[in-house]
Every structure is written in C-alpha cells, then in structure tokens.
Amino acid sequence: MGDPVRWPADVDDVIKGDITAAAAYITPAGGAVVTAVAPCGIAHRDAGMIGFTTSLGFGKKLERIIRDPRVALAYHAREHGFSASPVFVLAQGRAAVDITPSRERLEALTPQAERYLGKVVRGRGWDWLLREYYQERVLVDIAVERIAV
C-alpha cells in the first residue's frame, strides 16, 4: 500500500465532529448495506485512518466486513455533533476489525465516547446492565484509500 491518504483540517473537523456516520459494506450477493455507526471522533489524519465502534451484537455486519473489508463512511449529519461545517464527506477504504480490543484500548476510547454520548455510568448494577454496551465493543479501523468532499 502507498502513502496514507490525508485530508485537510476542515475535513478533519467534520470527521472528528460527527456523532454518527453512515457505514456501507458489501453483502454476499454483491449489494451494499448502509447502517448508522458511532465514529466517536476516531480518526488519525497523519496516518490516513478513521474508524468506528460497534457492538458484538451486530454479528452480520462484522462477518460481512471481515469477509470483504471494502467499506465507506459518510459523514453527513451535524445536528448532534460538534462540527458546524455543511460539507458532506465520503471516505472509502479497507477495514480491519478488532474483535477483541485490549482493555487499554477500550479505556482509551472512554473520554472520546463520553464527549459524544455522555458520561459513562459506573457501579455494580450499571456495570452488569451495560456490560455489552461498554465492555463488549468492537473497533473497526479503516485505512482510507479515497476521500471525497
């Protein structure tokens, strides 16, 4: 693979500011499925990487992305995010699914997730009730191959 695809700061503001993005992935029949995902500001412009988090409960989505890692993320809505830019950003690339992210990686994501989704609630009852939501997360890292604004 060549040099990473990089994008300007104003586009980075959109990518890191949207609370939700539309993720597209390929079906076994060659079609595409588009679904909402939570990018939570996961982006590393200098490395040409973006990403999102999802739950292990969405097995079909994960199976399909692992089988064919060609994906796209559309950053299209600013209503509940942090960017005021009106632009539409479409990033296409190859995904790598981290099915069992380290506890350290999940904990490092907590401040970002709290920025978008609110304070993580903790405690005996909450930890049990929200185990799948907080602890059974999967991270999808995307090496950007093309970006359109």
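Everything numeric here is computed off the predicted structure, so don't read it as measured data.
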In the single-linkage hydrophobic clustering (I, L, V, M, F, W, Y; side-chain heavy atoms under 4.5 Å), do F88 and V71 co-cluster?
->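 F88 and V71: separate clusters.
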Single-linkage hydrophobic cluster, 4.5 Å side-chain cutoff, V37 and L90 together =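 No; tracing contacts between hydrophobic side chains, which count when under 4.5 Å, never links both residues.
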Would you indicate whether the side-chain heavy atoms of [Y] and [X] approach each other to under 4.5 Å?
| X | Y | result |
| --- | --- | --- |
| W7 | I50 | yes |
| S83 | Y75 | no |
| V120 | W126 | no |
| I99 | I66 | yes |

Search all heavy atoms of [X] against all heavy atoms of [Y] and return the closest pair with its distance.
| X | Y | value |
| --- | --- | --- |
| A47 | P4 | O-CB, 3.3 Å |
| V138 | D98 | CG1-O, 3.5 Å |
| I26 | R64 | O-CB, 3.7 Å |
| G51 | L73 | O-CD1, 4.2 Å |

Please identify each residue that fulfils side chain to side chain contact (heavy atoms under 4.5 Å, CB included) with I42, with sequence neighbours left out.
->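 By the side chain to side chain contact (heavy atoms under 4.5 Å, CB included) rule, I42 matches L109, Q112, L139.
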Mind checking the CZ-CZ spacing from R6 to R45? Nearest 0.5 Å is all I need.
->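 One gets 9.5 Å once the value is rounded to the nearest 0.5 Å.
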Just checking, any donor-acceptor pair under 3.5 angstrom between side chains of K61 and T54?
->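 A pair is found: one side chain offers a donor N or O, the other an acceptor, under 3.5 Å apart.
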Can you name the one residue among M49, R94, H44 that meets side chain to side chain contact (heavy atoms under 4.5 Å, CB included) with D141?
->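 Only one option passes, and that is M49.
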Any side chain to side chain donor-acceptor pair (under 3.5 Å) pairs touching residues 16-30, not counting sequence neighbours?
->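 Qualifying pairs, neighbours excluded: D12-K16, D18-R78.
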Derivation and outcome, side chain to side chain contact (heavy atoms under 4.5 Å, CB included), residues V87 and V11 | CA-CA 8 Å; V87 303; V11 173; 5.5 Å; no
